Amino acid sequence: MSRLDLAQLSLAAVQNIQTADKVRRDPAVVKAAKQFMEDGAQALRTGGALVREVQSSWRRHSPLTKGTGTDE
């Protein structure tokens with residue numbers, strides 16, 4: 001059975017943490033993340049507008065909201 005080299009494992013973990021931190025702070029990554037968040041917020045706003053328009057159109061075209069529905 002092989003033994004774990006804890007020093008090597010610790011060193012690898014520290015290096016990975018440092019690399020992840022460098023990637024997180026990379027200006028291109030920061031810019032792309034900011035753009036992603038802005039795009040997501042815009043998608044939520046336009047999605048909400050779509051839902052409201054669909055609901056409004058449904059009410060305008062539904063025979064149930066036009067009274068008896070026999071006046072066509």
Side-chain angles (χ1 to χ4, degrees):
M1 179 194 280
S2 64
R3 298 183 65 189
L4 289 177
D5 184 350
L6 293 180
Q8 177 125 7
L9 186 61
S10 296
L11 178 62
V14 167
Q15 288 173 333
N16 285 334
I17 290 169
Q18 290 172 341
T19 300
D21 188 54
K22 288 177 185 176
V23 169
R24 181 189 62 83
R25 291 184 289 128
D26 185 288
V29 172
V30 171
K31 181 180 177 183
K34 183 178 178 183
Q35 186 64 53
F36 175 76
M37 289 186 290
E38 290 171 0
D39 291 349
Q42 182 62 36
L44 289 174
R45 285 191 294 272
T46 57
L50 171 62
V51 168
R52 288 187 297 277
E53 290 300 329
V54 168
Q55 289 172 336
S56 178
S57 180
W58 185 273
R59 285 190 293 272
R60 285 193 308 272
H61 294 91
S62 175
L64 297 177
T65 59
K66 293 181 181 180
T68 62
T70 58
D71 55 336
E72 290 186 29

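Count residues from 1 along the sequence. Keep in mind that what you see is a predicted model, and the values were worked out from it rather than measured.
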### Query
What distance separates Arg60 CZ from Glu53 CD, expressed to the nearest 0.5 Å?
7.0 Å

#### Entry: Backbone N/O of Ala43 and side chain of Thr46: donor-acceptor pair under 3.5 Å
yes

### Query
Does a side chain donor of either Gln55 or Arg52 reach within less than 3.5 Å of an acceptor in the other side chain?
no

Mind listing the side-chain donor-acceptor pairs of residues 11-18 below 3.5 Å, one per line with the distance, residues two or more places apart or on another chain?
unit_1, atom_1, unit_2, atom_2, d
Asn16, ND2, Ala12, O, 3.3

### Message
Closer than 4.0 angstrom, basic N to acidic O: yes or no for Lys22 and Asp26?
### Response
no

### Query
Which other residues belong to the hydrophobic cluster containing Leu50, where Ile, Leu, Val, Met, Phe, Trp and Tyr are joined when side-chain heavy atoms lie under 4.5 Å apart, directly or via other members?
Val54

### Message
Is it true that, when you exclude Gln8 itself, more than 12 heavy atoms of the residues, nucleotides or ligands shown sit nearer than 6.0 Å to its CD?
### Response
no

